[in-house]
Amino acid sequence: MHWADYTAQRLSGRGGAQVAASGITPSGQFHIGHLREILTAEMIHRACLDAGLDSRYLFIVDSMDPLRRVYDFLSSDYGRYIGHPLAYVPAPGPDGELGDGTTSYAEHFLAPFIDALRTIGVKPEVVMNHEAYQSGAFAHSIDLAIQHKEEIRELIEEISGREVPEGWFPYNPIGSDGSLDGVRVTGYEHPRVHWVDGHGVEGSSDIRKGEGKLPWRIDWAARWGIHGITCEPAGKDHGAAGGSFDTGIPISHLLGGDPPEKMVYEWIQLKGMGPMSSSAGLTIGPMEALDLVPPEILRYVIARSKVNRHIDFDTGAALFETADEYERLVANPPSSSEEDMSKRQRVAMETQLGAVRLSQVEIGGDPTDSVGGVSFRHLAMLAQIKTTDEGVWESLQRSGHLEGEPSQTLSGRLARMRTWIDGPHFPEGARIVIQTEVGDEARANLSDEHRGFLSELAGAISDSEWSNMAIDDCIRGVSDEAGIAKRQAYVALYWVLLDRSHGPRVASIVAEMDRGDFLALLEDA
RNA sequence: GGGCCUGUAGCUUAGUCAGGUAGAGCGCCGGGCUUUUAACCCGGUGGCCGGGGGUUCGAAUCCCCUCAGGCCCGCCA
């Protein structure tokens with residue numbers, strides 16, 4: 001059974017309406033890792049719906065969280081906004097310069113991410129956390145937290161093993177300069193929290209009006225109750241023993257809530273990406289990833305992995321293989337008709353089918369609608385050999401992959417594939433580089449028999465018609481005359497053309513080449 | 001120092017919760033396709049389940065120890 005279905009099953013035991021949620025701080029550019037946070041929760045939500053449960057999916061944007069520091073992509077002018085809730089910080093301009101404030105920092109980074117989510121079929125109910133504070137939704141929880149101040153302090157100290165500092169207060173008011181930092185609480189008279197800020201200015205905040213916030217560990221616990229959240233997968237950082245999940249659960253009870261079960265997902269790592277490295281500034285965002293592979297593949301990357309396994313997100317060969325794995329699964333789904341299937345095989349099959357189901361952009365979508373009918377590997381090859389899309393379709397029609405006109409799915413795939421090929425993320429192993437001179441490795445691997453064939457071919461092909469068919473006839477004819485095994489003839493050509501022992505149809509490659517260039521290569525051998 | 005996750009065929013991994021003869025995909029190798037391929041179809045190869053010890057009739061699975069990789073323990077989400 002797929003993990004999302006399993007979780008849905010557990011949630012059904014809990015009864016009532018299900019609310020799956022994610023929470024992300026919009027402190028900067030969203031990246032591919034955030035997709036796991038979102039999709040883990042969203043897939044559970046979908047699984048709940050599929051199980052006939054009443055379910056909603058919430059995306060809580062931590063817009064009330066303060067700007068922590070001046071990130072590298074921000075101008076130093078942002079220094080004065082440190083400690084300010086992100087909803088009240090002006091969005092940066094293109095070069096990180098301080099914006100005019102028409103758009104908030106939080107909105108600025110959120111908007112493109114929401115667009116990307118829509119493309120992958122995620123349509124969350126978006127909750128801006130600062131609005132929740134402004135609306136007074138937190139007021140009751142804040143009041144309870146203040147009343148239970150000492151119990152909460154004990155819980156945090158006991159569970160996290162951390163000492164809560166003197167003067168700690170379970171509500172952090174915004175000071176006179178708009179910052180949450182350095183504000184000391186001096187008293188509480190419902191609904192106002194009195195304080196003195198770092199400048200020595202005194203004031204008071206109305207807990208019903210977004211004039212302050214709960215500290216994270218309490219904020220999280222409170223929102224579970226406020227929104228009736230029944231499931232919120234959290235990153236492994238929250239999951240550490242004594243982490244915010246462990247303190248959140250008892251705090252939530254204290255605030256009258258019924259917290260979700262602890263669920264922790266592993267990170268997506270950018271390891272093993274070859275030329276990609278964060279230090280080189282070459283990270284990948286969801287939008288960028290969507291330029292390369294279709295949304296269902298991006299979903300499948302998450303769906304196919306168990307929640308507690310880390311994912312090496314690799315825009316190179318691994319993504320290639322994942323995409324082809326998806327194609328195979330959809331085109332040729334495991335069949336349940338086998339009676340002699342073992343229990344394990346059956347479970348594995350159900351899990352795979354679940355992963356495909358949850359990878360669909362539209363809920364309940366037919367996976368076969370998203371199938372291209374061609375492996376990514378093959379398409380990548382054709383896209384490199386054929387300069388025009390028409391050429392690709394013709395080749396696919398000849399090879400039987402395609403009947404009639406290409407579907408929208410397929411032409412979309414080709415467009416993305418061309419982007420991928422032209423970009424820095426394309427796997428080098430799949431790149432077809434036509435040599436301009438014979439490579440060292442090729443030279444080392446060419447036998448006398450190979451050379452003899454190549455030189456004969458040079459003579460024969462110099463006045464051959466320059467078409468796929470004619471070139472192929474010529475190659476086959478010469479190999480017969482030269483008495484070389486066909487296989488060896490092609491091996492020789494692959495070495496010369498690609499500096500490899502094998503490759504795509506030789507004639508297809510040669511037909512796209514300039515005759516002079518090809519002859520020069522043959523003679524160079 | 002404390003804790004969490006992971007370690008199964010060359011690669012990605014299922015199976016670990018409820019012990020019962022190690023499964024899959026890719027790759028690779030071979031064959032077929034009267035067109036060669038990185039297409040397509042068929043077949044095959046491949047694993048002292050990180051290591052050691054223990055419990056058991058029986059351990060990838062439970063217990064202890066150990067090695068390796070990743071991550072968390074700053075009101076930071």
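Bear in mind the structure is a predicted one, so any value in this text is a computation, not a measurement. Residue numbers start from 1 in every chain, and the chains themselves are labelled A, B, ... in the order their sequence lines are given, proteins ahead of strands.
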Produce the list of close N/O pairs, under 3.5 Å, pairing protein atoms with atoms of nucleotides 3-7 of chain B; give distances to one decimal.
unit_1: B/rC5; atom_1: O2'; unit_2: A/N308; atom_2: O; d: 3.0
unit_1: B/rU6; atom_1: OP1; unit_2: A/N308; atom_2: ND2; d: 3.0
unit_1: B/rU6; atom_1: O3'; unit_2: A/R309; atom_2: NH1; d: 3.4
unit_1: B/rG7; atom_1: OP1; unit_2: A/R309; atom_2: NH1; d: 3.0

Assess whether atom CZ of A/R14 is packed by more than 12 heavy atoms of other residues, nucleotides or ligands within 6.0 Å. yes
Rounding to an integer number of angstrom, what distance separates B/rA24 and B/rG19 when you compare their P atoms? 24 Å
With the side chain counted from C-beta on, respond yes when A/Q435 and A/V496 share a heavy-atom pair under 4.5 Å apart, and no when they do not. no
In whole Å, measure the gap between the C1' atoms of B/rA9 and B/rG3 for me. 33 Å
For B/rC40, what is the paired nucleotide under Watson-Crick or G-U wobble rules, both distances under 3.5 Å? B/rG32
How far does the P atom of B/rU16 sit from the matching atom of B/rA60, given to the nearest Å? 14 Å
A/R431 atom CZ, neighbour heavy-atom count above 12 within 6.0 Å: yes
Mind checking the C1' distance from B/rG74 to B/rG2? Whole angstroms is fine. 15 Å
Do nucleotides 23-35 of chain B as a string where each nucleotide becomes B, S or -: B if the base has a protein heavy atom under 4.0 Å, S if just the sugar-phosphate does, - if no protein is that close. --SS--------B
Using a cut-off of 4.0 Å on non-hydrogen atoms, how would the nucleic acid contact of A/I432 be classed: base, sugar-phosphate, or nothing? base
For a side-chain hydrogen bond (donor to acceptor under 3.5 Å, both in side chains) check, start with the C-alpha distance between A/E211 and A/Y133, then their side-chain angles and the critical distance, and finish with the verdict. CA-CA 8 Å; A/E211 295 172 354; A/Y133 275 100; over 6 Å; no
A/Y171-A/F169 aromatic ring centre distance below 6.0 Å: no
In whole Å, what is the span from the OH atom of A/Y6 to the C1' atom of B/rA18? 11 Å
Can you confirm if the aromatic rings of A/F320 and A/W420 lie within a centre distance of less than 6.0 Å? yes
If you pin A/V164 and A/M381 to their nearest nucleotides in RNA chain B, which one's is more 5'? A/M381
Among B/rU12, B/rA77, B/rA39, the one nearest A/H378 by side-chain distance: B/rA39
Watson-Crick or G-U counterpart of B/rC4, or none if no pair lies under 3.5 Å: B/rG70
Sticking with atom P, work out how far B/rU21 lies from B/rC28, rounded to a whole angstrom. 33 Å
Starting at the 5' end of RNA chain B and moving along, which residue's nearest nucleotide shows up first, A/A348 or A/S375? A/A348
Separation between the P atoms of B/rC71 and B/rC64, rounded to whole Å: 26 Å
List the atom of A/G404, the atom of A/L402, and the distance in Å for their closest heavy-atom pair. O-CG, 3.6 Å
Check the surroundings of atom CD in A/Q397: do more than 12 heavy atoms from other residues, nucleotides or ligands lie under 6.0 Å from it? yes
Rounded to whole angstroms, how far apart are CG on A/L498 and P on B/rU37? 14 Å
Check for me whether the distance between the ring centres of A/Y105 and A/H84 falls short of 6.0 Å. no
